[in-house]
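Quick note: numbers below take in every heavy atom, side chains included, and nothing from hydrogens, waters or symmetry partners. Every value quoted in this text rests on a predicted model; they were computed, and no experiment measured them.
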Amino acid sequence: MDPLSTVFAVALSGIATLLTLYFASQAQDTIFFVHMIIFALAAGLFTIYLARKCDFSREQMATPQGDDPGSYQGTYSDGIVRLGVIATIFWGIVGFTVGVVIAFQLAFPALNFDLPFTNFGRLRPLHTSAVIFAFGGNALIATSLYIVQRTCRVRLAFEPLAWFVFWGYQLFIVLAATGYLMGSTQAKEYAEPEWYVDLWLTVVWVAYLLVFMMTLMRRKEPHIYVANWFFLSFIVTVAMLHVVNGLALPVSPFGSHSYAAFSGVQSALVQWWYGHNAVGFFLTAGFLGMMYYFIPKQANRPVYSYRLSIIHFWSLIFLYIWAGPHHLHYTALPDWAQTLGMVFSVMLWMPSWGGMINGLMTLSGAWDKLRTDPILRMLVASVAFYGMSTFEGPLMSIRSVNGLSHYTDWTIGHVHSGALGWNALISFGAIYYLAPKLWSRREMYSLRLINWHFWIATLGIVIYAASMWVSGITQGLMWREYNADGFLVYSFAETVLILHPFYVMRAVGGLMFLFGAWIMAYNVWRTIRGERRVDQPVSEVITVGA
């Protein structure tokens with residue numbers, strides 16, 4: 001940034017600090033007060049940081065500070081990506097840890113202590129948001145900013161704004177997390193933060209869109225690679241979903257409470273239009289952008305069919321946006337809307353499996369690498385989980401199947417087989433690919449540790465998902481069992497009692513997945529330090545042991 005721009009930023013940040021302090025002084029509840037103090041601290045620290053960077057020397061004032069990509073001599077803005085990788089690992093471990101805690105709370109209710117900050121009701125949305133938005137969101141921001149630079153052959157546009165996106169997003173995560181622990185929620189799945197946190201995320205997301213769009217527009221490569229189409233659709237659609245679903249009227253500009261703009265069945269429809277498309281564009285389209293870059297790069301093979309990737313993109317984004325109503329079967333939503341959601345969900349089989357096939361067939365002629373490359377194995381396994389989840393999802397959207405599966409643990413198993421198997425594994429593979437390149441290392445500290453991570457995490461996912469599938473179907477069958485007089489055969493307490501072993505298995509599977517994440521964190525840390533472990537090949541170990 002040039003000195004005048006820095007002065008403007010300092011003034012703006014200083015005003016924001018004073019304004020949030022004023023709002024804190026007028027706060028009508030504790031949650032709003034705490035959040036305004038957090039805002040003020042963040043803005044104040046940013047003001048001090050910018051002020052220390054001001055340089056009004058004659059040489060600095062005379063040096064042109066344009067944003068021309070040609071002036072960067074082929075270098076890339078990798079500092080943001082490096083911090084993004086670290087943030088992804090950190091928030092992933094936080095989210096997985098909270099998930100393990102609440103899994104054990106469900107298996108052993110005595111672990112729900114009297115402290116309000118530690119009960120299941122507050123920790124559950126913390127876990128959900130930490131895994132989806134903190135872990136997944138940082139993975140998407142980091143990889144998208146890495147990929148768009150390489151595929152466009154330019155440095156990031158508006159680099160200071162890109163730094164604002166990163167730190168602004170971390171502030172959003174802190175605000176959301178502290179709000180959940182203090183009991184602040186809009187009671188909307190995947191959209192719990194209150195109105196002022198939503199407004200802040202909107203500002204950050206518009207800045208993210210601007211950085212990504214301007215980088216694309218200034219590209220030196222005439223063709224826009226398909227991964228960038230997926231990232232762009234993810235950014236644009238999530239912005240639209242967030243704004244519409246977050247429409248609310250605050251009770252007071254100095255309080256945390258608000259009333260949603262929609263009510264009744266309209267509120268439910270908007271919520272699940274948002275909720276399912278948050279899955280469709282945040283957890284699917286964005287991560288498909290990762291798939292279309294990292295699998296070809298790691299396999300050192302071109303995408304199997306570029307034409308299929310384009311068909312995959314346009315059909316996916318057209319169909320996904322209509323599938324939300326299948327979450328509202330057997331409700332007050334009109335039957336035609338329920339059927340519409342079901343039909344479009346079933347149609348999603350085709351583009352979803354087209355993308356899966358494209359990812360797997362990219363390994364044509366390179367399948368032997370799966371024996372020796374655990375990073376590629378992790379990426380390919382994630383695509384396999386994607387294919388399984390996108391088969392199971394449309395199946396569960398069919399009304400007769402939904403009557404058995406909805407509100408049961410089957411849905412929990414489905415969500416986690418996708419979130420952990422697809423989103424987390426491909427993020428892990430991307431991190432293992434990026435870490436040596438971002439810190440200029442030849443390779444990861446230990447490939448054997450990556451192999452251990454892969455097998456422990458995969459086994460944890462299988463235990464988790466399988467236990468929830470069995471638990472969910474058991475629940476559904478017990479809930480719909482009637483005797484000859486038309487009364488329910490089982491009480492709710494009886495269904496909970498019989499599911500206890502599956503809940504313990506779920507907690508064990510989650511614990512294994514968390515342990516794998518710690519292995520990754522250790523491996524990346526040693527890689528950043530520039531260390532490298534010489535692993536003895538497995539075949540030699542077996543020979544010596546024999």
Query raised in the report: Do Y293 and T143 have a side chain donor and acceptor closer than 3.5 Å?
Result: no

Report summary line: On a heavy-atom basis, the closest approach of P325 and L269 is CG-CD1, 4.0 Å

Query raised in the report: Please walk me through it: do L21 and F39 pass side chain to side chain contact (heavy atoms under 4.5 Å, CB included)?
Result: CA-CA 8 Å; L21 285 173; F39 261 122; over 6 Å; no

Query raised in the report: Between S184 and E194, do the side chains contain an N or O donor and an N or O acceptor separated by less than 3.5 Å?
Result: no

Query raised in the report: Can you check side chain to side chain contact (heavy atoms under 4.5 Å, CB included) on V401 and W410, steps first, answer last?
Result: CA-CA 11 Å; V401 179; W410 185 355; 3.9 Å; yes

Query raised in the report: Would you say W167 has more than 12 foreign heavy atoms packed within less than 6.0 Å of its CH2?
Result: no

Query raised in the report: Does the gap between the ring centers of H329 and H406 come in under 6.0 Å?
Result: no

Query raised in the report: Quick check: does any side chain N or O of K188 sit under 3.5 Å from a backbone N or O of A260, one acting as donor and the other as acceptor?
Result: no

Query raised in the report: Any side-chain donor paired with an acceptor under 3.5 Å for N358 and S309?
Result: no

Query - From F104 atom CZ to L111 atom CG, the distance as rounded to the nearest 0.5 Å - result: 8.5 Å

Let me have the donor-acceptor pairs involving side chains of residues 171-182, under 3.5 Å, with sequence neighbours excluded, atom names and distances please.
from	atom 1	to	atom 2	distance (Å)
T178	OG1	H35	NE2	2.9
T178	OG1	V174	O	2.8
T178	OG1	L175	O	3.1
Y180	OH	S129	OG	2.8

Query raised in the report: Do side-chain atoms of N483 reach the backbone of F487 as a donor and acceptor pair under 3.5 angstrom?
Result: yes

Query raised in the report: What is the minimum heavy-atom distance between G246 and D198, and which atoms define it?
Result: CA-OD2, 4.1 Å

Query raised in the report: For the side chain of Y190 and the backbone of V279, is there at least one donor-acceptor N/O pair under 3.5 Å apart?
Result: no

Query raised in the report: Taking all atoms of both residues into account, what is the closest heavy-atom pair of A424 and L420, and its distance?
Result: CB-O, 3.3 Å

**Report entry** Test item: T215 side-chain N/O and A157 main-chain N/O as donor-acceptor pair under 3.5 Å
**Finding:** yes

Requested in this report: Search all heavy atoms of W195 against all heavy atoms of S252 and return the closest pair with its distance.
Outcome: CZ2-O, 3.7 Å

**Report entry** Gap between atom CG of L83 and atom CZ of F90 - 0.5 Å precision
**Finding:** 13.0 Å

**Report entry** Flag, side chain of T284 to backbone of F281, donor-acceptor distance under 3.5 Å
**Finding:** no

Query raised in the report: Measuring from L340:CG to D335:CG, what's the distance to the nearest 0.5 Å?
Result: 12.5 Å

**Report entry** Side-chain heavy atoms of V303 within contact of V226, under 4.5 Å
**Finding:** no

N/O donor to acceptor pairs below 3.5 angstrom from side-chain atoms of residues 467-475, sequence neighbours left out:
from	atom 1	to	atom 2	distance (Å)
S467	OG	I463	O	2.9
S467	OG	Y464	O	2.8
W469	NE1	E392	OE2	2.9
S471	OG	D409	OD2	2.7
T474	OG1	V470	O	2.7
Q475	OE1	D409	N	2.7

Query - side chain to side chain contact (heavy atoms under 4.5 Å, CB included) evaluation trace for Y306 with Y225 - result: CA-CA 10 Å; Y306 201 79; Y225 184 60; 3.5 Å; yes

Report task. Compare every heavy atom of A517 with every heavy atom of F96, then report the nearest pair and how far apart it is. Result -> CD1-CB, 3.8 Å

**Report entry** Closest non-hydrogen atom pair between S397 and M342, with its separation
**Finding:** O-CG, 3.4 Å

Report summary line: CG (L514) and OG1 (T97) are apart, to the nearest 0.5 Å, by 4.5 Å

Requested in this report: Go through the side-chain N and O atoms of Q105 and N119 and say whether any donor and acceptor fall under 3.5 Å apart.
Outcome: no

Report summary line: Taken to the nearest 0.5 Å, the spacing of W479 CH2 from F492 CZ works out to 6.0 Å

Query - Note, M213 side chain near I235 side chain (heavy atom, < 4.5 Å) - result: no

Report task. Report the residues that fulfil salt bridge (Lys or Arg N to Asp or Glu O under 4.0 Å) with E189, sequence neighbours left out, ordered by chain and then residue number. Result -> R124

Query raised in the report: Counting distance only, does the side-chain N/O of Y169 pair as donor-acceptor with the main-chain N or O of F133 below 3.5 Å?
Result: yes

Query raised in the report: Any side-chain heavy atom of F287 sitting closer than 4.5 Å to one from L283?
Result: yes

Query raised in the report: For L333, does its backbone N or O pair with a side-chain atom of Q338 as donor and acceptor, under 3.5 Å?
Result: yes

Query raised in the report: Is there a side-chain contact between H500 and F108, using heavy atoms and a 4.5 Å cut-off?
Result: yes

Query raised in the report: Is there side-chain contact between Y330 and R399, with heavy atoms separated by less than 4.5 Å?
Result: yes

**Report entry** Ring geometry between F254 and Y22 (parallel below 30°, tilted from 30 to 60°, perpendicular above 60°)
**Finding:** perpendicular

Query raised in the report: Is there a side-chain contact between H326 and W272 (heavy atoms, below 4.5 Å)?
Result: no

**Report entry** Y490 atom OH, neighbour heavy-atom count above 12 within 6.0 Å
**Finding:** no

Report summary line: The reported gap from NE2 in H327 to OG in S345 (rounded to nearest 0.5 angstrom) is 7.5 Å

Query - Residue pair Y482, L488: steps toward the side chain to side chain contact (heavy atoms under 4.5 Å, CB included) verdict - result: CA-CA 5 Å; Y482 295 92; L488 287 172; 3.6 Å; yes

Requested in this report: Output yes when a side-chain donor or acceptor of W200 lies under 3.5 Å from a complementary backbone atom of G168, and no otherwise.
Outcome: yes

Requested in this report: Could you check whether the rings of F428 and F135 sit parallel, tilted or perpendicular, using 30° and 60° as the cut-offs?
Outcome: tilted

Query - Check: T237 side chain, F234 main-chain N or O, donor-acceptor pair, under 3.5 Å - result: no

Query - L247 atom CG: more than 12 heavy-atom contacts under 6.0 Å - result: yes

Requested in this report: Classify the angle between the aromatic ring planes of F230 and Y292 as parallel (below 30°), tilted (30 to 60°) or perpendicular (above 60°).
Outcome: parallel

Query raised in the report: Quick one: does L379's side chain get under 4.5 Å of I426's, heavy atoms only?
Result: yes

Query raised in the report: Under 30°, 30 to 60°, or over 60°: which ring-plane class applies to F32 and F23, parallel, tilted or perpendicular?
Result: tilted

Query raised in the report: Counting only N and O atoms by type, is there a donor-acceptor contact under 3.5 Å from the side chain of S389 to the main-chain atoms of Y386?
Result: no

Query raised in the report: Does the side chain of M361 come within less than 4.5 Å of S305's, by heavy atoms?
Result: no

Requested in this report: State whether the number of non-hydrogen atoms from other residues, nucleotides or ligands found under 6.0 Å of W205 atom CH2 is greater than 12.
Outcome: yes

